[in-house]
*Asks:* 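Attaching a single structure in structure tokens format; questions to follow.
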Amino acid sequence: MAPQALILPQSFYNRNTLAVAEELLGKVFRRTISSSTLSGRIVETEAYIAKNDPACHAFNGRTDRNEIMFGPPGFAYVYFTYGMHYCLNFVTEPEGVAAAVLIRALEPISGIETMKANRKTDKITNLCSGPAKLTQALSITKEDNGLPLFEGNFLVEDDGFLDFDIVTTTRIGIRQGAEFPWRFYIKDSPYVSRK
DNA sequence: GACCAGATTGTCT
DNA sequence: GACAATCTGGTCA
């Protein structure tokens with residue numbers, strides 16, 4: 001019998017961002033939209049910490065866009081980029097410390113038919129294997145910015161899955177701060193964005 | 001597989 | 001006005 005899934009409490013996020021990014025691997029992200037459930041296992045993350053990290057949106061201080069990162073931990077930070085893509089982050093560290101974890105890839109678990117329709121492809125490994133792909137598959141938009149992750153319809157759960165190794169690399173798609181080894185993914189997962 | 005161009009607009013300087 | 005925590009679809013090998 002599989003262990004019961006437990007919702008990660010807000011305190012899970014109220015910690016060092018690198019630890020949270022690493023420990024989010026293997027956890028399950030789940031959202032419910034009008035009685036249908038879309039979920040997937042987190043297989044790839046990246047850490048962004050305003051202090052000393054020029055790649056972080058909050059590096060140059062508080063703005064309208066990054067305000068949520070300065071708030072309490074355990075909330076979603078969704079931003080729009082490249083004129084057409086949304087990316088999903090989880091805010092970490094105590095209130096006042098701007099930091100977040102970018103969710104880069106999921107292994108689809110439920111709601112796969114809906115994801116296929118949203119992504120206009122039938123290939124499972126192409127549904128959520130990238131930060132903008134997974135927001136498209138799960139219909140995540142600016143409307144979801146600021147939602148709590150520890151209660152409601154937008155959650156992260158621990159179902160006890162621990163059978164994997166973790167690979168640590170530099171982050172993807174940034175120019176400044178590219179040398180920080182703050183990307184984590186599940187070794188040998190076919191659902192990560194890139195090796 | 002690798003590399004490259006184009007899409008398309010919010011955000012900040 | 002420049003750029004962006006990206007993706008897709010094309011070419012070439």
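Within every chain, numbering begins at 1; the chains are lettered A, B, ... in the order of the sequence lines, protein sequences first and strands thereafter.
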*Asks:* By side chain to side chain contact (heavy atoms under 4.5 Å, CB included), which residues pair with A/Asn60, not counting sequence neighbours?
*Replies:*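 Partners of A/Asn60 under the side chain to side chain contact (heavy atoms under 4.5 Å, CB included) test: none.
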*Asks:* Could you check how far OH of A/Tyr86 sits from P of B/dT9, rounded to whole Å?
*Replies:*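 Between P of B/dT9 and OH of A/Tyr86: 11 Å.
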*Asks:* Between A/Phe161 and A/Arg41, is there a cation-pi geometry (under 6.0 Å to ring centre, at most 45° from the normal)?
*Replies:*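 Yes - A/Arg41 lies over the ring of A/Phe161, closer than 6.0 Å to its centre and within 45° of its axis.
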*Asks:* Which residues pass the side chain to side chain donor-acceptor pair (under 3.5 Å) test with A/Glu107, not counting sequence neighbours?
*Replies:*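 By the side chain to side chain donor-acceptor pair (under 3.5 Å) rule, A/Glu107 matches no residue at all.
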*Asks:* Pick out the pairs of N or O atoms, protein on one side and nucleotides 10-13 of chain B on the other, that lie under 3.5 Å.
*Replies:*
unit_1: B/dT11; atom_1: OP1; unit_2: A/Lys142; atom_2: NZ; d: 3.0
unit_1: B/dC12; atom_1: OP1; unit_2: A/Thr63; atom_2: OG1; d: 2.3

*Asks:* Would you compute the distance between atom CG of A/Leu134 and atom CG of A/Leu106 and round it to the nearest 0.5 angstrom?
*Replies:*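 Taking CG in A/Leu134 and CG in A/Leu106, the distance rounds to 4.5 Å.
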*Asks:* Mind checking side chain to side chain contact (heavy atoms under 4.5 Å, CB included) for A/Leu6 and listing every partner two or more places apart, or none if nothing turns up?
*Replies:*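 Residues passing side chain to side chain contact (heavy atoms under 4.5 Å, CB included) with A/Leu6: none at all.
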*Asks:* Distance only, no hydrogens: is a donor on one side chain within 3.5 Å (strictly under) of an acceptor on the other, for A/Ser110 and A/Ser39?
*Replies:*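 Their side chains do contain a donor-acceptor pair, which is all the 3.5 Å distance test asks for.
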*Asks:* Could you write out DNA chain C as a dot-bracket string, with dots for unpaired bases, | for bases paired across to another strand, and Watson-Crick or G-U pairs counted at under 3.5 Å?
*Replies:* ||||.|||||||.
*Asks:* Taking the six-membered ring for Trp and the full ring for Phe, Tyr or His, determine whether the centres of A/Phe75 and A/Phe90 are under 6.0 Å apart.
*Replies:*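 No.
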*Asks:* For A/Thr135, give me all partners under side chain to side chain donor-acceptor pair (under 3.5 Å), at least two apart in sequence or on another chain.
*Replies:*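 If we apply the side chain to side chain donor-acceptor pair (under 3.5 Å) test to A/Thr135, skipping adjacent residues, there are no hits.
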*Asks:* Kindly state each residue pair satisfying salt bridge (Lys or Arg N to Asp or Glu O under 4.0 Å) with at least one member in residues 85-99 of chain A, sequence neighbours excluded.
*Replies:*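 Qualifying pairs: none.
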*Asks:* Determine the minimum heavy-atom distance between A/Phe59 and A/Ala50, stating which atoms define it.
*Replies:*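 Answer, listing the atom of A/Phe59 first, then A/Ala50: CD1-O, 3.1 Å.
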*Asks:* I need the A/Arg62 CZ to A/Phe70 CZ distance, nearest 0.5 Å.
*Replies:*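 It is 6.0 Å, given to the nearest 0.5 Å.
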*Asks:* Return the set of residues passing side chain to side chain donor-acceptor pair (under 3.5 Å) with A/His57 (not counting sequence neighbours), or none when no residue passes.
*Replies:*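 Residues passing side chain to side chain donor-acceptor pair (under 3.5 Å) with A/His57: A/Tyr77.
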*Asks:* Quick one, which residues of residues 167-195 of chain A touch DNA chain C with a heavy atom under 4.0 Å?
*Replies:*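 Contacts with DNA chain C under 4.0 Å: A/Ile172, A/Gly173, A/Ile174, A/Arg175.
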*Asks:* Under 4.0 Å from any heavy atom of chain A: name the first and the last nucleotide of DNA chain C that qualifies, 5' to 3'.
*Replies:*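 That gives a stretch of C/dA4 to C/dT8.
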*Asks:* Name the nucleic acid region contacted by A/Ala55, choosing base, sugar-phosphate or nothing; use a 4.0 angstrom heavy-atom cut-off, strictly under.
*Replies:*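 A/Ala55: base contact, heavy atoms under 4.0 Å.
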*Asks:* Do the non-hydrogen side-chain atoms of A/Ile112 and A/Ile124 ever get within less than 4.5 Å of each other?
*Replies:*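 Yes, at least one pair of side-chain atoms sits under 4.5 Å.
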*Asks:* Quiz question: by atom type and distance under 3.5 Å, do the side chains of A/Ser11 and A/Asn14 form a donor-acceptor pair?
*Replies:*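 Absent: no donor and acceptor within the cut-off.
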*Asks:* How about A/Phe80 and A/Asn145: do any of their side-chain heavy atoms sit closer than 4.5 Å?
*Replies:*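 No. Closest side-chain heavy atoms not under 4.5 Å.
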*Asks:* How far apart are the closest heavy atoms of A/Leu127 and A/Arg119, and which atoms are they?
*Replies:*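 Scanning both residues, the minimum pair turns out to be O-NE, 3.1 Å.
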*Asks:* Where along residues 101-115 of chain A does a heavy atom come under 4.0 Å from DNA chain C, residue by residue in number order?
*Replies:*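 Per residue number, the list reads A/Leu102, A/Arg104.
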*Asks:* Scan nucleotides 5-7 of chain B against the protein and return all N/O pairs shorter than 3.5 Å with their distances rounded to 0.1 Å.
*Replies:*
none

*Asks:* With a 4.5 Å heavy-atom cut-off, do A/Leu88 and A/Leu102 have their side chains touching?
*Replies:*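 No, side chains not in contact.
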